[in-house]
Amino acid sequence: MIYLLQRLGRTTCNSLAKTGRSAFFLAHGLSGVTDIALRPYLLIKQLYSVGVLTLLIITISGLFVGMVLGLQGYYTLSDFGAEESLGVMVAASLVRELGPVVSALLFAGRAGSALTAEIGLMKATEQLSGMEMMAVDPIKRIISPRLFACILSVPLLAAIFSSIGVIGGHLVGVGMLSVDEGAFWSQMQSNIDFYDDIVNGIIKSVVFGFMVAWIALFEGYDAVPTSEGVSRATTRTVVNSSFSVLALDFILTALMFGDI
Amino acid sequence: MQHSYTQDTLVGLFVACGIGALFFMALQVSNLGAYNHQESYLITARFENSGGLKVKSPVSVAGVRIGRVTAITFDLQSYESVVEIQIEAKYNTLPDDSSASIFTAGLLGEQYISIEPGGSETYLENNSEIDLTQSAIVLEEVIGQFLFKAAADE
């Protein structure tokens, strides 16, 4: 009984301590924005490794998600004779939900895990302590560029995902299933609002990028410096960031699109 | 630290693609290109019942969309629904005795306001009001009337 209580207390203390460490870590990482302004090439290098290298998987998945939406939407809508609404359906679901969420999930799997493994291994091979010995702040030098690169690239990736998805839906709907092209675009344009739908989708993806970057970088920085510890941290990154993206999506959707 | 120009180029390409995608969404997918930047004027219309009309519902004349609903409020004195309509400035020759009715696009479609032009020589201006209105048709009321009529006939 006492043992169980002890375990509960220890778990609570540990998780609180971890939350506190991650908050300080985030504040320290964000304060590195001045160093990035001094050394923009650090940011560009990270934009390449988190953004450009994720572009391919985002483009291909966006195309297929859009095509599947077009196909499934067509089958359901044609029962009601409302095939012309296919454009609205595809664009609304992509711009509001699927674009930001799926691209953030793919980003967590593709770039988040890589970031955790990279930083975890840097810690395990004592590169971070080495930097500290040379009076270089490892958080500002290593973490900040990656943090800002993620925050910048996730919205861009989400925008690319949604656009490619709309084009995919157009390929299937207009090209394969011969929905009227004019109705496809005009209904889409009259029902999708720039501020309500597109800007909100972008705000969502900025939040997701921030969250995924924070979790991935902190898990790497906080990993137990052994090969097992790094592998566990990588797993935790993917699981936790996917979970928080989905949970945050629900909260943000309720705030943005609800009439509460 | 060595500098790679290929990397710079690819990052530039990535950012350009992202911004291009944003522009594509703004102009091709959403309504930004069509309505928001044009000059417009406001008119109001009072309806006994505005039915399922919503903010941003279309307003059309002869089937051509000329504006949209910007606000729907309830007037406590007259118990009417006050609908504010924004009309594009280029359609400034609507007679002031025009009438507004709420119709439904298709059987289950969204509701919209249709303006029927009158014969007056003076035109609607900013903040003027349409006097002749016809309320939305509520399907339950029509069915109810039909049933009562059928019962009365027997």
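What you are looking at is a predicted structure, and each value in this text was computed from that prediction instead of being measured. Below, read A as the first sequence line, B as the second, and so on, with proteins coming before strands; counting in each chain starts at 1.
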Tell me whether the count of non-hydrogen atoms from other residues, nucleotides or ligands lying under 6.0 Å of [atom1] in [X] goes above 12.
X       : atom1 : answer
E129(B) : CD    : yes
F74(B)  : CZ    : yes
E125(B) : CD    : no

How long is the span from the [atom1] atom in [X] to the [atom2] atom in [Y], to the nearest 0.5 Å?
X       : Y      : atom1 : atom2 : result
S49(A)  : Q7(B)  : OG    : CD    : 8.0 Å
F14(B)  : L47(A) : CZ    : CG    : 6.5 Å
L157(A) : C17(B) : CG    : SG    : 10.5 Å

### Query
Most heavy-atom pairs under 4.5 angstrom with chain B, which of V95(A), D197(A), I198(A), I164(A)?
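Ranked by contacts with chain B, first place is I198(A).
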
Where do [X] and [Y] come nearest, in terms of heavy atoms and distance?
X       : Y       : result
I202(A) : L22(B)  : CD1-CD2, 3.1 Å
F24(B)  : S163(A) : CD2-CB, 3.5 Å
S162(A) : M25(B)  : CB-SD, 3.6 Å
V11(B)  : I44(A)  : CG2-O, 3.5 Å

### Query
Should Y48(A) and D8(B) count as side-chain neighbours, where that means a heavy-atom distance under 4.5 Å?
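The answer is no, as the side chains (C-beta and beyond) never meet within the 4.5 Å cut-off.
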
Side chain, backbone, both or neither: which part of [X] has a non-hydrogen atom closer than 4.5 Å to chain B?
X      : value
L55(A) : side chain
L53(A) : neither
S85(A) : neither

